[in-house]
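Worksheet: the structure to be examined is printed underneath.
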Amino acid sequence: MSNDGAVAGIVLAGGRSRRMGEDKAALEWEGVSMLTRITDAISARCAPVFVAAPASSQAYTTLADGSPLHWVTDEAEDSGPLGGLVAGLRAAADAGVEVAFVCATDMPLVQAGLVDELLAGLTPSTDAVIARDGQRDHPLAGVYRTSAADALSSLVDAGELRMVAAVEAVVTRRIGVSDEDWLTNVDAPEDLHRLHASRVT
C-alpha cells in the first residue's frame, strides 16, 4: 500500500563514535539527547521517523527502551552507514512510503527546511537528492527513493561501505542549500565544544 505524499525520516545512529569517545546519539544538546533533537526537528516534515541502529549499538541499548521512535535493527553487521541506509529505506518502503529524508545522528543543527529544499530538488528521473556545500557532497543529508534499496543492498553484499558509492550507484542530484549550518556534524569532542561556543557568542 502506497502512502502517497508521505516522506519518511531515517536517522542513522549505528556508528561506534570512536572519535567522540561516547555515543553521539545520547549526547546532550540543548537539554535533550542529540537523537531527540534531530528526530523532533525532522518530525515536522517526516512521518514515520525511523532510527537505524544495530541491536548491539550504543544508541539502541541506551535509548531504545521506552522510545516512541521506530527502531530498525536489522542492518547487515559491520556494514556502516550504507547498511543502515538500506535497512532504513526498506523499513520505509514496508510502511508504504516512497521517499525518505536521511541524516546522521551527529547533525544537531538540522531543520525541517533542509527536508523541504531537498524535496524540491527531486524529479521523476532522480533516485536521490543530496546536499552539497562549497567543498563536498553530503550523502547523509539527502532524500532517497525507497526503491533504491535493492541497488544499494547489492553494494553492501559486495562489501562496499562507502556512502560515495551509494550516490554513484543511483541517479543522484546534488544541490546547494540555503543554510549550510544545517549540514554541520560533530565527530569529536572539540567539534561539539566549538559548536556550543559559536551558539553562545
Side-chain angles (χ1 to χ4, degrees), residues 8-46 49-54 57-60 62-63 69 72 75 79-89 100-119 121 128-144 152 161-167 172 174-201:
I10 301 171
V11 181
L12 304 183
R16 296 180 181 176
S17 305
R18 290 187 182 94
R19 288 180 58 197
M20 185 63 73
E22 58 183 302
D23 180 32
K24 288 189 281 189
L27 284 175
E28 182 177 319
W29 181 264
E30 298 182 345
V32 297
S33 72
M34 197 172 299
L35 178 62
T36 297
R37 161 69 187 87
I38 293 167
T39 56
D40 284 353
I42 68 174
S43 291
R45 298 289 184 277
C46 302
V49 174
F50 299 95
V51 181
S57 67
Q58 288 180 287
Y60 183 76
T62 303
L63 300 172
L69 300 169
V72 179
E75 63 189 73
S79 58
L82 184 50
L85 174 60
V86 170
L89 289 176
F101 168 74
V102 177
C103 69
T105 193
D106 61 359
M107 299 170 60
L109 304 186
V110 72
Q111 296 287 347
L114 175 59
V115 183
D116 293 337
E117 292 186 17
L118 292 168
L119 286 172
V129 179
I130 64 171
R132 180 171 177 82
D133 63 21
Q135 299 177 323
R136 64 187 181 97
D137 291 344
H138 291 265
L140 295 186
V143 294
Y144 293 78
L152 301 181
L161 298 178
R162 299 170 305 134
M163 281 300 301
V164 66
V167 297
T172 300
R174 296 155 172 83
I175 65 170
V177 295
S178 63
D179 188 346
E180 292 185 358
D181 283 351
W182 292 335
L183 309 177
T184 302
N185 67 337
V186 289
D187 289 322
E190 56 267 28
D191 298 331
L192 190 62
H193 296 154
R194 190 181 307 115
L195 189 57
H196 273 303
S198 70
R199 303 276 285 179
V200 172
T201 58

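We use all heavy atoms of the structure for the numbers below, so side chains are in, but hydrogens, waters and symmetry mates are not.
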Pair Leu85, Met163 - check side-chain contact (heavy atoms from CB on, under 4.5 Å), show working.
CA-CA 9 Å; Leu85 174 60; Met163 281 300 301; 3.7 Å; yes

Passes side-chain contact (heavy atoms from CB on, under 4.5 Å), Met107 versus Asn185? Steps please.
CA-CA 5 Å; Met107 299 170 60; Asn185 67 337; 4.2 Å; yes

What verdict does the side-chain contact (heavy atoms from CB on, under 4.5 Å) test give for Leu114 and Leu183, after you've listed the backbone C-alpha separation in whole Å, the side-chain angles of each residue and the deciding distance to 0.1 Å?
CA-CA 9 Å; Leu114 175 59; Leu183 309 177; 4.2 Å; yes

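Residues Ala112 and Ala41 share a closest heavy-atom pair of CB-O, 3.8 Å. Nearest approach of Ala53 to Glu75, heavy atoms of both residues: N-OE1, 3.6 Å. Ser43 approaches Val49 most closely through the heavy-atom pair OG-CG2, 3.6 Å. Of all heavy-atom pairs spanning Tyr144 and Pro139, the tightest one is OH-O, 2.6 Å. Pairing each heavy atom of Ser79 with each of Gly84, the nearest pair is OG-N, 4.4 Å. What you find for Ile42 and Gly9 is that their closest heavy atoms are CD1-CA, 4.1 Å.
Inter-residue side-chain proximity for Gln111 and Asp179 is flagged as unmet; no heavy-atom pair is nearer than 4.5 Å. Residues Leu69 and Leu35 have side chains in contact (heavy-atom distance under 4.5 Å, counting atoms from C-beta outward). Counting only heavy atoms from C-beta outward, the side chains of Val164 and Asp137 never approach each other to under 4.5 Å. For the pair Leu119 and Arg45, the minimum side-chain heavy-atom distance is 4.5 Å or more. At a threshold of 4.5 Å between non-hydrogen side-chain atoms, the residues Val167 and Arg174 count as touching.
Atom NE2 of His138 is separated from atom CD of Glu180 by 7.0 Å, given to the nearest 0.5 angstrom. Of the inter-residue distances, the one linking Leu152 atom CG with Leu82 atom CG reads 6.0 Å to the nearest 0.5 angstrom. Asp133 CG to Trp182 CH2: the interatomic distance, rounded to the nearest 0.5 Å, is 13.5 Å. Note that the CD1 atom of Ile38 and the SG atom of Cys103 stand 5.5 Å from one another [nearest 0.5 Å]. Here the straight-line distance linking atom CG of Leu140 with atom CD1 of Ile10 works out to 11.0 Å at 0.5 Å rounding.
For the side chain to side chain contact (heavy atoms under 4.5 Å, CB included) test with Phe50, the passing option among Val72, Leu12, Thr39 is Val72; the others fail.
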